[in-house]
Amino acid sequence: MKAYLEGLNDVQLKAVTHTEGPVLVVAGPGSGKTRVLTYRIAHLIEEGAAPWEILALTFTNKAAREMKERIASVVGDRANNVWAGTFHSIFARILRVEADKIGYPSNFTIYDSDDSKSVITAILKELNLDKNVYNVNAIRTRISSAKSNLIPPRAYKENEQLMEQDRMQKRSQTHVIYEKYVARCRRAGAMDFDDLLYQLYVLWYKNPDNVLEKYRKKFRYILVDEFQDTNYLQYAILKKLAKYENSPENICAVGDDAQSIYAFRGATIENILDFEKDFKKLKVYKLEQNYRSTEHIVKAANEVITFNKKQIPKEIWSDKGTGQKLRLIKAMTDSEEGKRIADTIVEQKNRFHLSNADIAILYRTNAQSRVFEEYLRRYNIAYRVFGGLSFYQRKEVKDLIAYLRLAVNLKDEEALRRIINYPRRGIGNSTIDKISTLAGAVDKPMWECLGGADVGARAKNALADFVAMVKLFQRRAEQANAYEAAEYIAKQSGLLALLKQDNSIEGMGRLENVNALLDGIKDFVENDEVIEGETATEKSLAAYLQNIALLTDMDNEESGDFVTLMSVHSAKGLEFKSVFVVGLEEKLFPSFMSMDTAEGLDEERRLFYVAITRAEQYLTISYANSRYRYGKMQYNEPSRFLEEISPTHIESSFSLRRSSAGERQSAAPSGAKVIGNFRKPTGNRGLKVDPSKFTPSPSTDIQAGMKVLHLKFGEGKVLSIDGNAANRVATIFFQGIDNPQRRIMLKFAKLQIL
DNA sequence: TGACTGTGGGTTTTT
DNA sequence: CCCACAGTCA
C-alpha cells in the first residue's frame, strides 16, 4: 500500500480510493475531512490522472490554500497544477478566458458587496424610491438570492410568488430595481459575486462554441468541499459539468448536514438530497470518528443536534478519553461575563499550561467582542479580533483601489463615482448627477459621457483635466507593472498628498494603510514564484486587481500567540484546545431574527453545534442575565440550547456558582481604540536577504546548476530550467524553507548569481 | 463646500 | 451605543 494511505481508517481509506463514479462523504466534525479530500486528490494523481484534470472547489481561500499545501506534501510540485480554489476564484478564472462569448470584456471588474449596494442606492435615487422602505441591504439580498436561484429579471417579474412577497413588503418596484441593476453592471463591464456563478451558468447554458464540452472533457474529476453550503446555482453548475450522457460522473462531494450554517445566504440542504437522486450510482461514506475532541464534548454536541428534525443519521464518537466536563458560567451582566471569561483564561493558562493561541472566544454577533477585548487588554493577554472591517474595505484603501480599477476598466462606474471628485477637483454633485442622467439616457458608461453633459465652463475644465489624468493612469497601467503604476497613480491623483496633510492619529493610520496597500502591491510584483492557476503569471495592475478582488480579511493568516476572538460563523473549520462559547441567551443565541421559524431555529442550533465542536479539550459556555444592546439594558433568559445538554456533561461546581459577591462591574476604562490595527495584505516580512546588499543578475544569465540568492528564499541551487524563451521557469532548491523546491518565473525573477 | 445636527437603523456573511 | 446619511446653515 502506498505510504500516504497508511494511517487512514477504514472508511477514510474507502472514500479516498473509490475514485470512479459519484461519491458523497458525510463527514462529522473533526473526522478527517480535509485529509480525505487531499489524499483523494493525491491518490488520483498517483494513479495516473493529470493534475489539471482535477477540479477541487472550496468556499474559502484559506481552505483552498490548505488543501493545495497538503496535496503538495504528498505529490510535490504537481499539486500546483490542480485546479483547486474557491468557487468564485475558479469560476472567475474560467470567465476571464471565455468572457467575450457572453458579452463581457475579459478585464471585467468584480463588484464587491459595497459596490453592489451603491449601485442600488443610485438606482433608488433615480427612481425616486424611499430608501427607508426600499432598504438597500434587503434589496441586495433579494437580488442576490434571485440570481442564486437562477431567476433573471424577466422571470422575476413573472413569478407571482416573488411579486406578492414584494408587495407585502411594500417594495413592489423591486423587480424594476433588479432589472436596472443588471443593466448597470453590464454597462460597467462588472460582475458582482453572484455573477461569477450566474454568468458561468449562462455560459454553460448557452454553450457558445461548445465551450461546455471543453470543460466537461477537461475536468475528469470533480471534488466539492463543504457541499452542505452550496446553493442551487452552484449545484446547477456542477450538474452541468458532471451529469450528461455517458458521463463518468466522477464527482465527489464532502460535507456535513449538521454544519450547514449558511442557509440564510441561500445554501440549501436539498442539494445533498438531490445529489442522491441525480447521481443514481452514488456511494455514501460516513466519517463518524471524531479525532478532535474528548468525549464529554462530543456527546454534548450529539445531544444538542438531536433536537433538529431533519438530518442524515450518524453517530459521532471519540476515543480520546472522557476528558473534562463542560463549564457553565452564569453572569449577571455582560461585563461580568467578560471578566469571568478572562479570569478563566488566566486560570486555564496556569493550570493546563495553555498558550494564548490555544484559546478562542466565539460569539454569535461581532458586537459582542468589546467586553472581552476590554478585559483581555486589562489582563495583558494578547488577542486578535477577526471579522469586522477588512483591510480592503477601509475607505482610504478602497479609494486608491478605485483609481486602480478605473485605470484598468474605464467603464467601472462605481470606481469612477468614488474618485471623480476625491480629492476635490471641482466636480460637484450637480455635475455628477447630470453625467449620470445622461449616461442613463443614452445607456452608455459614465466615462463616455464626461464630455457630453451640459455643464458650466468651470466644471467642463475640471472634467477635461480629470479625463486627461485618468488616461495617463490607463497608459501607465498598460505599460508599467502593478507597483509602478499604483505608486504613480497614488501620487499623481493627489491621494497621498491629501492623506499626508492630516496629522491626526486616525489620519496617520489611514496613510499607513495606503502605504501598506502599496507594499502589498510591491510584494505581488516581486513574488516571482509560479503558482499555476492561482496567481496570474503577469504583474500588471489588471492581474493584481483580479488577485485581490476575491480576498477577504480572513485570508490573512498571521501566526502569533494570541487569543482568537471571532463569530461562530468564521470559526467553522477551526479547532482550539480551549473554546469559550459566550452569550448563550434567548434572542441572542438563538438570534431574535431567526427564532420564530423552525428552520431558523434549527440553523441556530447547527451553529451552536459548530461552536462546541471547535473545542478539543476544554469547553466553557457562558451567558449573562442582562446586557447592553443598542445602548439599552436588556434582560434575557438563558438560551434554550443550554437545556439540551444533559447535566452529566457539565461540571456541577460551575453550573452553580454565582457571580462573586461585592464584585462591582466597574465601567471598563475603554482604552484608546487601537488605531492602525491593520494587517498588511502580504507585507514585506520574511525577507531572507537585505535588499540593500542584493544586486540581481540578468535573468538570461541564469542556467541550471548555478547557485543563486533569492530575496525571500535565500540561497538555492538551480536544478533545471524549462519553458519557452519568453517564459523561462527555473526549478530551484532552497535550503531550509518549507517546500524547498520552488518554481520561479525568470521573467520576473530577482536572483543573484553566486 | 464644509462642519454640524438630527434621524433611523442595527443577527450571522466563506465570495 | 455606534454608525451612516440627509438636511441645514454659514
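Judged by distance alone, with hydrogens and angles left aside, the side-chain atoms of A:D195 form no donor-acceptor pair with the main-chain N or O of A:Q199 at under 3.5 Å. Not one N or O on the side chain of A:D465 forms a donor-acceptor pair closer than 3.5 Å with the backbone of A:A462.
Listed nucleotides B:dT11, B:dT15, B:dT12 differ in distance to A:S567; the shortest reach to its side chain belongs to B:dT12. Ranking B:dT12, B:dT11, B:dT15 by closeness to the A:S591 side chain, first place goes to B:dT11.
C:dC1 atom P lies 13 Å from atom CG of A:D334, rounded to whole Å. The distance from atom CG of A:L57 to atom C1' of B:dT15 is 13 Å, rounded to the nearest whole Å. Whole-Å rounding puts the A:K125 NZ to C:dC5 C1' distance at 10 Å. Summarising the geometry, the separation between CZ on A:R627 and C1' on C:dC2 is reported as 17 Å, rounded to the nearest angstrom. Distance, A:E226 CD to B:dT13 C1': 14 Å, rounded to whole Å. One atom, CG of A:D112, and another, P of B:dT15, lie 12 Å apart when rounded to the nearest Å. When rounded to the nearest whole Å, the span between CZ of A:R629 and C1' of B:dT11 equals 7 Å. If you take CZ of A:R605 and C1' of B:dT12, they are 17 Å apart, rounded to a whole angstrom.
If A:D194 and A:I427 are placed on DNA chain B by their nearest nucleotide, the residue sitting closer to the 5' end is A:I427. Each of A:N429 and A:I261 was assigned the nucleotide of DNA chain B with the nearest heavy atom; the assignment lying further toward the 5' end belongs to A:N429.
Backbone-only contact: A:N366 has heavy atoms under 4.0 Å from sugar-phosphate atoms and none from a base. In this structure, A:G573 reaches neither bases nor backbone, as no heavy-atom distance under 4.0 Å exists between it and the strands shown. Within 4.0 Å (heavy atoms only), A:Y262 reaches at least one base atom of the nucleic acid.
Geometrically, A:K395 engages A:Y422 in a cation-pi contact, judged by NZ or CZ lying under 6.0 Å from the ring centre and within 45° of the ring axis.
Taking 4.0 angstrom as the limit, A:S570 places none of its side-chain polar atoms (N or O) nearer than this to OP1 or OP2 of B:dT14. Applying the 4.0 Å criterion to OP1 and OP2 of C:dC2, one finds that A:R370 has a side-chain N or O inside that range. Between A:N135 and the phosphate of B:dG9, there is no side-chain N or O to OP1/OP2 separation shorter than 4.0 Å. Within the structure, a side-chain polar atom (N or O) of A:Y630 is placed less than 4.0 Å from OP1 or OP2 of B:dT11.
Between A:D256 and A:K33, no side-chain nitrogen of the basic residue sits less than 4.0 Å from a carboxylate oxygen of the acidic one, so the salt-bridge criterion is not met.
Counting heavy atoms from C-beta outward, A:E585 and A:R627 have side chains that approach closer than 4.5 Å.
When the C1' atom is compared between B:dT11 and C:dC5, the two are found 22 Å apart, to the nearest whole Å.
For A:Y262 and A:H569, the distance between ring centers is under 6.0 angstrom.
For B:dT11, the base has no donor-acceptor partner in the side chain of A:T365 [N/O atoms by modelled type, under 3.5 angstrom].
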